[in-house]
A.B. asks: 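Quick one: the structure is below, questions incoming.
Model, not experiment: these values are computed from the prediction. Along the sequence shown, residues carry numbers from 1.
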Amino acid sequence: MNRMGTCWSCRGGVTADAFFCPTCRVIQPPDPRMDHFSCFGLAPGFDIDLAALETEYRERQRQFHPDLFVARGAAERRYSMEHATRLNEGYRILRDPLRRGEYLLRVTRFRSETPENVAPTDPSFLGAMMEWREELAEVDPGASDAPVVLERLRRRVEEASRGEVEGLAGCFSAWFSGGDRNNLEMAGQGIDRLRYFNRFLEEVDRREETILAR
């Protein structure tokens, strides 16, 4: 059952997760206990419906856009801005696999914060990363085939990244289906590897920009 509260404007009853008062229709302040999944009407999990997320985001944008509240009181203007800010933050997090995974580890209280510099210890992963970095370092920006070599390297890393995302979906699915802490431990390791994949792909992007600028 939803928690009950009181509308700040008309003092009527309102559920804690309501965006507007059902009696006076005045916008309510965001509930700080509501996670990003609930804000979009989604169940917590890694494998989410991105089309549904997009639809809900656009709908809530129309509801909370600050331009709709410019003629209202200070409280309503402030609440609309708070909703819009939280909406944009939640959308950025949930639509991106890495950020979504990091957020889920906080929601499940496995990690209280995101460790940006955690180095994966899996030998096979470290070996692959070393090999790819050597290949990237050996790319000659002046060579005619440099763009082709970079694209070939990018595709290999992207394929590995997609495999990591699939693995994360399995770990989180097992956890939410009644799994144990080991599922979250494996998810945390996968997220750390995915972060490294993303950073490597950013390096590839920078190298391509350098070549195109020549």
Side-chain angles (χ1 to χ4, degrees), residues 1-5 14-20 28-61 63-64 82-126 128-129 157-201:
M1 175 179 279
N2 288 330
R3 301 181 306 274
M4 290 300 298
V14 60
T15 58
D17 60 352
F19 299 127
F20 296 90
Q28 300 298 297
D31 181 357
R33 293 165 295 188
M34 182 183 292
D35 61 48
H36 291 316
F37 293 97
S38 299
C39 286
F40 292 100
L42 301 172
F46 186 81
D47 192 12
I48 64 174
D49 187 335
L50 294 177
L53 172 65
E54 180 74 22
T55 298
E56 292 298 323
Y57 174 65
R58 299 303 175 193
E59 175 60 27
R60 282 161 172 69
Q61 272 192 322
Q63 289 180 311
F64 302 136
E82 290 174 358
H83 275 292
T85 299
R86 191 175 185 190
L87 177 71
N88 290 333
E89 178 190 18
Y91 180 67
R92 286 195 299 270
I93 288 174
L94 297 187
R95 70 192 297 266
D96 178 78
L98 175 59
R99 292 179 178 178
R100 184 166 68 248
E102 291 172 338
Y103 182 66
L104 276 170
L105 290 185
R106 296 196 297 273
V107 168
T108 57
R109 299 183 180 180
F110 181 76
R111 286 179 177 173
S112 59
E113 59 184 23
T114 300
E116 291 293 333
N117 297 313
V118 172
T121 58
D122 177 35
S124 61
F125 171 80
L126 295 176
M129 288 300 300
V157 179
E158 286 179 339
E159 181 179 359
S161 180
R162 285 192 294 270
E164 202 67 68
V165 169
E166 293 175 1
L168 285 173
C171 290
F172 281 116
S173 177
W175 165 258
F176 283 107
S177 297
D180 56 30
R181 185 178 175 83
N182 185 56
N183 297 123
L184 296 181
E185 180 68 40
M186 293 174 62
Q189 294 172 7
I191 287 169
D192 294 337
R193 290 191 294 268
L194 183 60
R195 188 182 302 111
Y196 268 66
F197 285 140
N198 286 4
R199 288 175 178 172
F200 184 85
L201 289 171

A.B. asks: SG of C39 to CG of D31: how many Å apart, nearest 0.5 Å?
C.D. replies: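 One finds 8.5 Å between SG of C39 and CG of D31.
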A.B. asks: Please find the pair of heavy atoms, one from L126 and one from P120, that lie closest to each other, and give the distance.
C.D. replies: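 Looking at all heavy atoms of both residues, the closest pair is CD2-O, 3.3 Å.
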A.B. asks: Indicate yes or no: at least one non-hydrogen side-chain atom of F40 is less than 4.5 angstrom from one of I48.
C.D. replies: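 Sidechains of I48 and F40: no contact.
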A.B. asks: Could you tell me which non-hydrogen atom of G45 sits nearest to which non-hydrogen atom of F37, and how far apart they are?
C.D. replies: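 For G45 and F37, the tightest heavy-atom pair comes out as O-CE2, 3.3 Å.
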A.B. asks: Please step through side chain to side chain contact (heavy atoms under 4.5 Å, CB included) for the pair L194 and S161, ending with a clear verdict.
C.D. replies: CA-CA 6 Å; L194 183 60; S161 180; 3.2 Å; yes
A.B. asks: Can you say whether the rings of H83 and F64 are parallel (under 30°), tilted (30 to 60°) or perpendicular (over 60°)?
C.D. replies: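 Ring orientation, 0 to 90° scale: parallel.
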A.B. asks: Does the side chain of W175 reach to within under 4.5 Å of the side chain of F46, using non-hydrogen atoms?
C.D. replies: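 Not in contact.
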A.B. asks: Walk me through whether E89 and I93 qualify under side chain to side chain contact (heavy atoms under 4.5 Å, CB included).
C.D. replies: CA-CA 6 Å; E89 178 190 18; I93 288 174; 4.0 Å; yes
A.B. asks: Do F176 and N183 touch side chain to side chain, with heavy atoms closer than 4.5 Å?
C.D. replies: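 No. Closest side-chain heavy atoms not under 4.5 Å.
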A.B. asks: May I ask you to test the Q61-N88 pair for a side-chain heavy-atom distance under 4.5 Å?
C.D. replies: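 Yes, at least one pair of side-chain atoms sits under 4.5 Å.
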A.B. asks: Mind checking the CG-CD spacing from L94 to E56? Nearest 0.5 Å is all I need.
C.D. replies: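 These two atoms lie 12.0 Å from each other.
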A.B. asks: Could you tell me whether the side chain of T108 and the main chain of L105 form a donor-acceptor pair under 3.5 Å?
C.D. replies: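 Here the side-chain-to-backbone pair exists.
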A.B. asks: Can you list the steps and then say if E158 with F197 is a side chain to side chain contact (heavy atoms under 4.5 Å, CB included)?
C.D. replies: CA-CA 8 Å; E158 286 179 339; F197 285 140; over 6 Å; no
A.B. asks: So do D47 and S173 actually touch side chain to side chain, heavy atoms under 4.5 Å?
C.D. replies: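 Counting from C-beta outward, S173 and D47 never come under 4.5 Å.
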A.B. asks: So, taking the atom named CG in D35 and the one named OG in S38, what distance separates them when rounded to the nearest 0.5 Å?
C.D. replies: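 D35 CG to S38 OG: 4.0 Å, rounded to 0.5 Å.
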A.B. asks: Enter the distance from E59:CD to E54:CD here, rounded to the nearest 0.5 Å.
C.D. replies: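 These two atoms lie 12.5 Å from each other.
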A.B. asks: Are any non-hydrogen side-chain atoms of L184 and F172 less than 4.5 angstrom apart?
C.D. replies: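 SC-SC contact between L184 and F172 confirmed.
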A.B. asks: Would you mind reporting whether R111 and E102 have side-chain heavy atoms less than 4.5 Å apart?
C.D. replies: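 Heavy-atom side-chain distance check fails, nothing below 4.5 Å.
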A.B. asks: Which atom pair, heavy atoms only, marks the closest approach of R33 to A16?
C.D. replies: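 Reported closest heavy-atom pair: NH2-CB, 4.2 Å.
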A.B. asks: Regarding R181 and E185, does a basic nitrogen lie under 4.0 Å from an acidic carboxylate oxygen?
C.D. replies: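 No salt bridge links R181 with E185.
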A.B. asks: Crowded around R109 CZ? As in, over 12 foreign heavy atoms under 6.0 Å?
C.D. replies: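 No, not enclosed.
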A.B. asks: Roughly how far, to the nearest 0.5 Å, is CG of D122 from CG of D192?
C.D. replies: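 It comes to 11.5 Å.
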A.B. asks: Looking at F19, does the NZ or CZ of R60 lie under 6.0 angstrom from its six-membered ring centre and within 45 degrees of the ring axis?
C.D. replies: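 Not satisfied by the 6.0 Å and 45° rule.
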A.B. asks: Which value, rounded to the nearest 0.5 Å, describes the distance between R99 atom CZ and N198 atom CG?
C.D. replies: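 So the gap between those two atoms works out to 10.0 Å.
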A.B. asks: Give the C-alpha distance, both sets of side-chain angles, the deciding distance and a yes or no for side chain to side chain contact (heavy atoms under 4.5 Å, CB included) between L98 and R195.
C.D. replies: CA-CA 7 Å; L98 175 59; R195 188 182 302 111; 4.2 Å; yes
A.B. asks: Are Y91 and H36 side-chain neighbours, meaning at least one heavy-atom pair lies under 4.5 Å?
C.D. replies: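 No, every pair of side-chain atoms sits at 4.5 Å or beyond.
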